[in-house]
Amino acid sequence: MTTENSGDVRLSGISKTYDNGFTAVQPLDLTVPHGSFFALLGASGCGKTTTLRMIAGLEEPSSGTVHLGDQEVTNLPPYKRPVNTVFQSYALFPHLDIFENVAFGLRRRGIKSVKKQVEEMLDLVQLGEQARKKPHQLSGGQQQRVAVARALINHPKVLLLDEPLGALDLKLRRQMQLELKRIQTEVGITFVHVTHDQEEAMTMADTVAVMNAGRVEQLGSPADLYENPQTTFVANFLGTSNLIEAEVDTRSGEDIVLKAGGGKLVLPRARCSAPAQTGGKVLVGIRPEKISLTHADDAGEIPAGRNRITGRIADSSFIGVSTQYVIDSAVCPEFEVYAQNIERDSRLVPGAEVVLHWSPAHTFGLDAAQDIDAGVDTAEEEAA
Ligand SMILES: Nc1ncnc2c1ncn2[C@@H]1O[C@H](COP(=O)(O)OP(=O)(O)OP(=O)(O)O)[C@@H](O)[C@H]1O
Ligand SMILES: [Mg+2]
């Protein structure tokens, strides 16, 4: 097997235009590595379910091919594909007990001695004690685990999960995220998990594909996406970013020097995904937790070599482990800064003049031709 073919799920040029002419998925290439936990993350309507359904064979692609392992399955019906799907509405059989719900796939295939396998599956999802209960006697999280066991008992190559935790309350969701991750690690099967919840994707997945309007904007490990966003959508949709429009002043060695609001900022060239011609525009990004705040009276104590911006505290909210500040400055009207509560400077209150400063190494640069606010509203709506 060549490396190129070793992905468990390989989508090549796959797209979907529905009968009404609407293109839900633009031609897409995607390889999901064998045995990985892969998340498709994006706002409502971006094409996640459509993509998943094309992998499952429930939706016919308008173009492109689907491979599972070495096998091309583009024209195979769903039941001939080595995949199983768990949906948000897990639709257990209400009249069957938990044991029989899990045994269903085996019995349908004419397998008589199911006890050992079903018991193993119930142990895997930690429901051994509940085998003789009916679905309505279980909690939402327990029912969801039955749905996972029911899908896994068929030993699919790939398990597809479409917002499987969507119906659960927040606390249960968090528990189930860890639980699903544990199950995936234990069985080693490739999981493709669809979610609109960025925290969920980041907690669970080895690799996340961020989708926006039918395209994959960026793909990478959660830390890589967070630290090195390549588009404004990813920068704003995953966590919070401060984005400043700046002009390229000079390029010196490994660095780009930029002009912003009368001051200068340094950006490592390797962290800039834009062309950055002298005189051209670049969006400079910095995450709120990477910034330190110093009262203007102490500005002389800030070490040399740091990027700095002056401003005034517009708002602050104390949230226990950290304090979140909103700073009004010449380069950005609402700069967000998160400060850990170690030793609090009592002068840092609304109205105070401050200097924001950070290591140039934490700065990233994006193409200024993009919408600076892309993904901001989507992230807020999804959080609501
Ligand atoms: N059968 C269909 N005919 C026409 N348009 C469709 C059809 N199914 C889905 N769409 C449209 O395609 C787009 C993508 O839908 P899809 O269900 O893949 O989104 P999603 O990312 O899963 O969203 P959500 O998070 O809300 O589940 C949406 O704009 C949707 O309205
Ligand atoms: Mg969906």
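Numbers here are sequence positions counted from 1. Whatever order the structure lists them in is the order used to number ligands and atoms, beginning at 1. This structure is a prediction, so every number in the text was calculated from the model and none was measured.
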- Message: I'd like to check the salt bridge (charged side-chain N to carboxylate O under 4.0 Å, His left out) partners of Asp298; sequence neighbours left out, ordered by chain and number.
- Response: Arg347

- Task: Quick one: pull up CD1 in Ile313 and OH in Tyr325 and give me the separation to the nearest 0.5 Å.
- Result: 5.5 Å

- Distance from atom 29 (O) of ligand 1 to nearest protein heavy atom, with residue and atom: Phe22 CE2, 3.5 Å

- Message: Which heavy atom of Ser346 sits nearest to which heavy atom of Val349, and what is that distance?
- Response: O-CG1, 3.6 Å

- Charged N to carboxylate O under 4.0 angstrom, Lys290 versus Glu227? yes

- Do the two ring centres, one from Phe237 and one from Phe233, sit under 6.0 Å apart? yes

- Proximal atoms of ligand 1 relative to Thr50 (non-hydrogen, under 4.0 Å): 14 (C), 15 (O), 16 (P), 18 (O)

- Out of His196, Arg215, Glu217, Met211, which one pairs with Cys46 under the side chain to side chain contact (heavy atoms under 4.5 Å, CB included) rule? Met211

- Query: Which protein N, O or S atoms sit under 2.8 Å from the Mg ion (ligand 2)?
  - Reply: Thr49 OG1

- Task: Would you verify that at least one protein heavy atom lies under 4.0 Å from atom 31 (O) of ligand 1, or report that none does?
- Result: no

- Task: Give the atoms of ligand 1, by number and element, whose distance to some non-hydrogen atom of Ala24 is under 4.0 Å.
- Result: 12 (O), 13 (C), 14 (C)

- Taking the six-membered ring of Phe93, is NZ or CZ of Arg150 closer than 6.0 Å to its centre and within 45° of its axis? yes

- State the atoms of ligand 1, each with its element, that fall below the 4.0 Å cut-off from a heavy-atom position in Gly47. 14 (C), 18 (O), 19 (O), 20 (P), 21 (O)

- Note on the structure: What one should report as the nearest heavy-atom pair of Thr50 and Ala24 is OG1-CB, 4.0 Å

- So does Asp328 pair up with Arg312, basic N to acidic O under 4.0 Å? no

- Query: Between Asp206 and Lys181, is there a salt bridge with N-O shorter than 4.0 Å?
  - Reply: yes

- Lys48, portion touching ligand 1 at heavy-atom distance under 4.0 Å: both

- Within the 4.0 Å heavy-atom cut-off, what Thr51 brings close to ligand 1 is neither

- Task: Please write down residue, atom name and distance for the protein heavy atom closest to atom 9 (C) of ligand 1.
- Result: Tyr18 CE1, 3.4 Å

- Message: When you compare the side chain of Arg182 with that of Gln126, does any pair of heavy atoms fall below 4.5 Å?
- Response: yes

- Output yes when the distance from some N or O of ligand 1 to some N or O of Ser44 is under 3.5 Å, and no in every other case. yes

- Task: Decide whether an N or O pair under 3.5 Å exists between Gly45 and ligand 1.
- Result: yes

- The atoms of ligand 1 lying under 4.0 Å from a heavy atom of Thr49, numbered in the order shown, are 17 (O), 18 (O), 20 (P), 22 (O), 27 (O)

